[in-house]
Amino acid sequence: MTQNPTKHTKVLIIGSGPAGYTAAVYAARAMLKPILVHGIEPGGQLTTTTDVENYPGFAQVIQGPWLMDQMKEQAQAVGTEMIQDHIKSVDLKKTPFQAIGDSGQMYTADSIIISTGAQARWLNIESEKKFRGFGVSACATCDGFFFKDKTVAVVGGGNAAVEEAMFLTKFASKVQLIHRRDSLRAEKMLQSKLMANKKIEIIWDSVVEEVIGDNDPKNVKGLKIKNVKTNKIDELKIDGLFIAIGHDPATQLFKDQLNMDKEGYLTTKPDSTETNIPGVFAAGDVKDKIFRQAVTAAGMGCMAALEAEKFLSH
């Protein structure tokens with residue numbers, strides 16, 4: 001196989017989704033001719049999100065995959081080169097920066113915008129996959145609204161799980177927090193708020209065995225949960241299930257080159273997307289474990305492109 005010649009760009013964007021596509025739009029409009037490399041499923045987490053009701057500018061409900069297609073087309077229309085490849089290694093220790101794809105293609109870049117995102121951790125049981133997007137969710141701020149006056153369950157025991165449970169009490173009439181241990185990992189202050197909330201019931205020492213529901217139309221009806229101490233199986237009647245056992249940022253690629261926090265999220269300078277290496281920027285869920293919204297990711301993508309443009313002009 002003949003080796004493709006090296007592809008050079010002023011701005012290499014790794015990863016698609018609201019952050020990557022928005023960065024591409026701004027970089028292309030700044031005449032930087034960016035190259036955006038995306039994997040086999042471009043669009044990130046939004047491609048598994050059906051109804052989007054909170055993206056500014058759309059009074060009607062829109063679909064996540066549609067929104068990502070629109071952003072992709074917009075980035076292409078203004079001059080972004082899109083390449084399907086999977087970046088398997090990067091060298092950020094010398095300039096121009098280097099990245100190598102699974103295809104064998106070598107990319108060199110004067111600046112890099114990292115928007116590889118994160119993935120929610122799932123329970124990985126068949127029935128959960130089946131109802132994902134139909135009553136099973138990993139984002140209370142995205143989907144809580146659909147469960148007005150209904151009963152929902154949250155799985156997890158850390159800060160995220162407790163915060164999701166509290167948030168869901170704004171809509172749901174009852175929230176059951178299912179935790180596999182007999183104590184929570186969440187901060188004490190959050191725990192006491194949780195305990196004080198009349199709408200929340202905690203189910204200790206338990207794991208979800210199966211999500212029960214209808215097929216046509218698809219919706220969740222209940223759960224089979226198992227007590228890990230007694231092995232007793234119980235059924236709960238619920239209308240929605242929220243998985244809050246954490247996220248994994250896609251940052252393996254940058255280990256030992258870029259600064260990360262203990263959970264593997266890239267760290268950037270305050271009010272900036274700049275990493276510890278000048279010319280390398282990070283935007284979206286790959287660096288943001290607090291907000292995790294399409295609109296904040298898009299905002300960071302814009303920041304990254306403007307910062308890259310400024311970096312390149314010096």
Side-chain angles (χ1 to χ4, degrees), residues 48-55 59-62 64 120-123 125 127-228 232-247 290-293:
T48 57
T49 311
T50 45
D51 293 357
V52 176
E53 292 194 1
N54 56 8
Y55 199 81
Q60 306 301 318
V61 182
I62 55 169
R121 288 188 207 133
W122 297 93
L123 304 173
I125 51 177
S127 53
E128 170 200 55
K129 287 193 191 96
K130 177 176 160 185
F131 291 105
R132 207 177 283 178
F134 297 95
V136 174
S137 167
C139 179
T141 33
C142 317
D143 300 326
F145 182 77
F146 302 116
F147 296 95
K148 230 169 157 26
D149 303 326
K150 294 190 164 149
T151 302
V152 296
V154 176
V155 178
N159 284 353
V162 170
E163 281 167 359
E164 301 252 290
M166 306 273 291
F167 177 81
L168 287 164
T169 58
K170 292 183 184 174
F171 310 102
S173 51
K174 185 179 184 186
V175 178
Q176 294 174 311
L177 182 67
I178 302 165
H179 186 43
R180 60 185 174 179
R181 301 197 180 89
D182 56 9
S183 63
L184 299 170
R185 296 189 314 280
E187 292 160 10
K188 293 287 177 273
M189 235 179 85
L190 274 176
Q191 290 196 37
S192 51
K193 275 186 177 168
L194 180 88
M195 306 293 179
N197 195 313
K198 298 274 186 287
K199 279 186 173 183
I200 299 173
E201 175 197 351
I202 304 177
I203 302 172
W204 301 108
D205 301 314
S206 296
V207 292
V208 173
E209 290 275 285
E210 194 189 339
V211 182
I212 305 162
D214 293 335
N215 285 331
D216 196 25
K218 262 195 208 174
N219 65 334
V220 172
K221 284 287 182 68
L223 295 178
K224 276 188 186 155
I225 58 168
K226 181 173 94 172
N227 185 301
V228 293
K232 186 171 169 288
I233 303 247
D234 273 317
E235 277 199 26
L236 297 182
K237 267 198 159 88
I238 59 149
D239 303 294
L241 175 65
F242 289 85
I243 313 296
I245 53 177
H247 285 72
I290 298 168
F291 303 108
R292 290 201 189 100
Q293 300 300 304

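FYI, the numbering just counts along the sequence from 1. The basis for the numbers below is simple: all heavy atoms, side chains too, and nothing from hydrogens, waters or symmetry mates. Values in this document were obtained by computation on a predicted structure and should not be read as measured data.
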### Message
Looking at every non-hydrogen atom in both residues, tell me the closest pair between Phe242 and Asp143 and how far apart they are.
### Response
CE2-CB, 4.0 Å
### Message
Test side-chain contact (heavy atoms from CB on, under 4.5 Å) on Arg181 and Val228; report intermediate values, then the result.
### Response
CA-CA 8 Å; Arg181 301 197 180 89; Val228 293; over 6 Å; no
### Query
Any ion pair linking Glu209 and Lys224 (charged N to carboxylate O, less than 4.0 Å)?
no
### Query
Looking only at atom types and distance, does a side-chain atom of Lys174 sit under 3.5 Å from a main-chain N or O of Glu201, one as donor and one as acceptor?
no
## Note on the structure
dist Lys148:NZ -> Asp239:CG (nearest 0.5 Å) comes out at 14.0 Å
### Message
Could you measure the distance from the CG atom of Leu177 to the CD1 atom of Ile200? Nearest 0.5 Å is fine.
### Response
7.5 Å
### Summary
Ala244 and Ala161 have their tightest heavy-atom pair at CB-CA, 3.6 Å
#### Entry: Minimum heavy-atom distance between Ala138 and Trp122, given as atom pair plus value
CB-CH2, 3.7 Å
### Query
If you take all heavy atoms of Val154 and Ala165, which pair is closest and at what distance?
CG2-CA, 4.0 Å
#### Entry: Worked verdict on Thr169 versus Lys198 for side-chain contact (heavy atoms from CB on, under 4.5 Å)
CA-CA 9 Å; Thr169 58; Lys198 298 274 186 287; over 6 Å; no
### Task
Identify the heavy atoms of Phe131 and Asp214 that sit nearest to each other, and give their distance.
CE2-O, 3.3 Å
### Task
For the pair Val175 and Asn197, evaluate side-chain contact (heavy atoms from CB on, under 4.5 Å) and give the outcome as yes or no after the intermediate values.
CA-CA 10 Å; Val175 178; Asn197 195 313; over 6 Å; no
### Non-hydrogen side-chain atoms of Asp51 and Phe146 separated by less than 4.5 Å
yes
## Note on the structure
Interatomic distance, NZ@Lys221 vs CD1@Ile212, rounded to 0.5 Å, equals 10.5 Å
### Query
Hey, what do you get for CG (Asn159) to CG (Leu190), rounding to the nearest 0.5 Å?
5.0 Å
### Message
Using side-chain contact (heavy atoms from CB on, under 4.5 Å), reason through Ile238 and Val152 one step at a time and then give a plain yes or no.
### Response
CA-CA 5 Å; Ile238 59 149; Val152 296; 5.9 Å; no
### Message
Using the rule side chain to side chain contact (heavy atoms under 4.5 Å, CB included), only one of Ile233, Asp234, Asp205 pairs with Asn227; which is it?
### Response
Asp205
### Query
Looking only at atom types and distance, does a side-chain atom of Ser206 sit under 3.5 Å from a main-chain N or O of His179, one as donor and one as acceptor?
no
### Query
So do Met166 and Glu163 actually touch side chain to side chain, heavy atoms under 4.5 Å?
no
### Message
What's the separation between atom CG in Leu184 and atom CE in Met195, rounded to the nearest 0.5 Å?
### Response
5.0 Å
### Query
Can you tell me how far the CG atom of Leu168 sits from the OG1 atom of Thr151, to the nearest 0.5 Å?
11.5 Å
### Message
Using a 6.0 Å cut-off, check whether atom NZ of Lys237 has over 12 heavy atoms from anything other than its own residue.
### Response
no
### Message
If I compare all heavy atoms of Ala186 with all of Gln191, which pair ends up nearest, and what's the gap?
### Response
O-NE2, 2.7 Å
#### Entry: NZ (Lys193) with more than 12 external heavy atoms under 6.0 Å
no
### Message
For the backbone of Gly246 and the side chain of Arg121, can you confirm whether one donor and one acceptor N or O come within less than 3.5 Å of each other?
### Response
no
